Structures are given as structure tokens and as C-alpha cells.
Number of protein chains: 2
Amino acid sequence: MRYSHRLSDAVHVLAYIDIYHDGNLSSTAIAASVESNPALVRRLMVALRRAGLLTTQQGTAQPRLTRDPAAISLLDVYQAVEEDGRLLHVDDKTNLQCIVGRNIQETLRTAYDEVQQAAEAKMARITLASLIKTIWTREHEKRAAEEDSSR
Amino acid sequence: MRYSHRLSDAVHVLAYIDIYHDGNLSSTAIAASVESNPALVRRLMVALRRAGLLTTQQGTAQPRLTRDPAAISLLDVYQAVEEDGRLLHVDDKTNLQCIVGRNIQETLRTAYDEVQQAAEAKMARITLASLIKTIWTREHEKRAAEEDSSR
DNA sequence: ATCAGTTGTAACATATAGAGTAACATTAGA
DNA sequence: TCTAATGTTACTCTATATGTTACAACTGAT
């Protein structure tokens, strides 16, 4: 399948807004960082706004997080931007004349629910704040390494 | 994204082979149950065979599970048929000139790994045997309900 | 009041992967 | 030898994630 980057891009947008909160937060500027286009960023922001993670104001480039990054989980973002929100998908076109075809859909749905629950529990424990912290940690490591190699 | 049914279909194939082990196990017959086509079934069986879950013999319709269904986990099947095997996908095209774009890829990769690990741990605990058992349970429930309503 | 810049939104184009289909060489068993 | 099956490839079809373009509505500055 073709892989969706919606979650990754949405986290990127939120991190960008937090980190560059005093800089240029236009959809064009953000799109440059995501290496995508402004319309995609705006569409993502619509979803994030609907989920109550973000406020925007038409006409001004001032998106703002509605709450502290520590109170925004990866799960919040995931559910905001992934319509379906399912990691695994049941084939709902099976032959009902067959024992397997007649019962496998509900069987798999139950099993997939368990997997989903495990994944979401983990996602709920990863916050935007922790991700941003990691971004900074890696950034400082890179700067230190750069410093080191130029000596 | 367009959803892949490879995992669901692969489980279907394995369950079918186990349940109808004395019946017609041709790719055509299995395809009828999956409501798909023989080539798809054969392609899935190639993957399952490569993963050591199945043996087949060219010319004969005799696929066989290589081990007890209790020793085959959903994770085994998942890893057999999903090439990539990743539930979440990092956008690897970000602007390296930007603090976020330069560090978010590895950051998200680490986070996604944790989620993946949680999901896989759950998948490892779901066996083909338990799925087949559920299929039978639901089948018997349906038959009982049928019996009930016709009285 | 006007204007430049921006968001909100829709419509359309493009690229890609999953699935469908067809074909055929190879093999097994009758 | 014949039939039916698998193994494999090539091609088509289709859904959808993303890219692109366009424009109305809105904001703040001049």
C-alpha cells in the first residue's frame, strides 16, 4: 500500500508551531519545513483544529496550540488526522457460504481490536512534549558533533 | 491510504487449510471462500511458504501447515505477508535546513518503534489456533440461533 | 478604503500500490 | 498421454494519498 504520512506530518506541524512560536508560522513556511505544500498543511491544520489541538485565525498566520505539549499525546494527533484510525484492516468481502468466510470477519475484528488497543495505549503515553524534547536533544548532539569535527 | 487485506486474507487461507484439511484445497477453492482470485491466493501462499508456515507441492492441491496452529501467531503471519511490516510511517522527505525537519525523522522512528513493539507483542500472543477456535464458536452460535428461530 | 498576505476550501491532476486478470511453463497423478 | 494443479510473470484496473491550482473570505497595515 502507499503509506500515509499524515500522522508524521501533523506531528511535524505541531512541533514546528511550538518551536518557532515567535517566527513565521504561515502554512507556506511550515510547508517548506515539511517539504510539502501549503494546502496540505492547511488541510492537516483543519483536522487538528477540529480535534481541538489547535486554534487558527483566517487571514493571520498565527496558529496556536490550545494546550501544553505535555498534554497532547501521539494518540490525540493520530485520532485527529487519521480518518479511519485503524492499523489493521479486515477484508469485508468474504464468502458467507463458507464456515471461514462467514465467521472470520468478526473473529479478526476482535483480534485486531486487541492489537489496536495495545498500540493506542503506547501512543497515549508518548507526548508532543517528549517528542519535542527528543528533537532538541538530537539537535544539540548534532551541533556538538559539528563543533567537534571543525576543531 | 488504501487498506491492505493481505494479513486478513492470509489468516483466512491458513484457517481454511486447517478447517478443510480433507477437502478441496486448490487455490481456486480457497479463492472462492476469500472472494478473491486464485493468483492472489497463490501469491499469499508463496509468502507463507517462504516464512516456513506452509508447504505446497506444484501440481497437487495439497497445502499443509508446517506446524500446529497453536504454534503459529498472528505476528508470524503478519511478518510473512506484509513486506514492510510497519504500522506507522515516517515522512522521510523533510527539510534538513530546519531544526524540526532535521531531527523529526529519527525522533518519530524511535516513537513508532515503541508503538510497533507494543502491537507486535500483542500479535505474538494471538495464535492461529485461538482464531480458529473463535471461528468455530461463532459458527456454533449461529447454528444454535438458526435452530432456535426455526422452531 | 485599499492592498498585500493569509487562511479556508474546493476542484482537479498525478503517482503509486493493492488487487484483478490472463497467460503459460512446470509438475503430479490418473 | 491427459488433466488439473501450482509457480510465476506481465499487464490492467482502481482507489487514494498527495500535489497543484484557484479563489472567496478575512486580517492588519498603509
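This one's a predicted model, so the numbers in the text were calculated from it and none came from an experiment. Labels below follow one simple rule: chain letters A, B, ... track the order of the sequence lines, proteins then strands, and each chain is numbered from 1.
When heavy atoms are screened at a 4.0 angstrom cut-off, B:Gln62 is found touching no nucleic acid atom at all. Among the heavy atoms of the strands lying under 4.0 Å from A:Ser36 are primed sugar atoms or P, OP1, OP2 only; no base atom is included.
Rounding to whole angstrom units, CG of residue A:Asp84 and P of D:dA15 are separated by 17 Å. For the pair B:His89 NE2 and D:dT16 P, the interatomic distance rounds to 17 Å; values are reported in whole Å. Across the protein-nucleic acid pair, B:Ile30 atom CD1 and D:dA5 atom P stand 12 Å apart, rounded to whole Å. What separates CE of B:Met45 from C1' of D:dA5 is a distance of 10 Å, to the nearest Å. One can place CG of B:Asn37 at 15 Å from P of D:dG7, the figure rounded to the nearest angstrom. In this structure, A:Arg42 atom CZ and D:dT18 atom P are separated by 17 Å, rounded to whole Å. As rounded to whole Å, 12 Å separates atom P of C:dT7 from atom CZ of A:Arg64. A:Glu83 has its CD atom 12 Å from the P atom of D:dT18, to the nearest Å.
Residue side chain A:Gln58 reaches the base of C:dT7 through a donor-acceptor N/O pair under 3.5 Å, judged by distance alone.
Within the 4.0 Å cut-off from OP1 or OP2 of C:dG29, not a single side-chain nitrogen or oxygen of B:Thr60 is found. One finds a side-chain N or O of B:Arg49 lying less than 4.0 angstrom from the OP1 or OP2 phosphate oxygen of D:dG7. Considering only side-chain N and O atoms, B:Thr56 lies under 4.0 angstrom from the phosphate OP1 or OP2 of D:dG7. For D:dT16, neither phosphate oxygen OP1 nor OP2 lies less than 4.0 angstrom from any side-chain nitrogen or oxygen of A:Ser4.
Judged purely by atom type and a 3.5 angstrom limit, B:Asn103 uses its side chain to pair as donor or acceptor with the backbone of B:Ile99.
The structure places CD1 of A:Ile104 at 8.5 Å from CG of B:Asp9, a figure rounded to the nearest 0.5 Å.
Between the side chains of B:Ser33 and B:His12, a donor-acceptor pair is found at a separation under 3.5 Å. For the 3.5 Å distance criterion, the side chains of B:Arg49 and B:Thr56 qualify, holding a donor opposite an acceptor. B:Ser73 and B:Tyr78 form no side-chain donor-acceptor contact under 3.5 Å, judged by distance and modelled atom types alone.
Comparing A:Val46 and A:Lys93 against DNA chain C, the residue whose closest nucleotide sits nearer the 5' end is A:Val46. Comparing A:Leu40 and B:Asn24, the nucleotide of DNA chain D nearest to each residue sits closer to the 5' end for B:Asn24.
If you check C:dA11, D:dT9, D:dA22 against the side chain of A:Arg43, the one that comes closest is C:dA11. Checked against D:dA22, C:dA22, D:dA10, the side chain of B:Ala39 finds its nearest nucleotide in C:dA22.
Ring orientation note: the planes of A:Tyr20 and A:Tyr16 are tilted relative to one another, at an angle of 30° to 60°.
Interface residues of residues 5-18 of chain B facing DNA chain D, ordered by number: none; criterion, heavy-atom separation under 4.0 Å.
Atom CD of A:Glu106 has more than 12 heavy atoms from other residues, nucleotides or ligands within 6.0 Å.
The closest side-chain heavy-atom distance from A:Leu25 to A:Gln62 is not below 4.5 Å.
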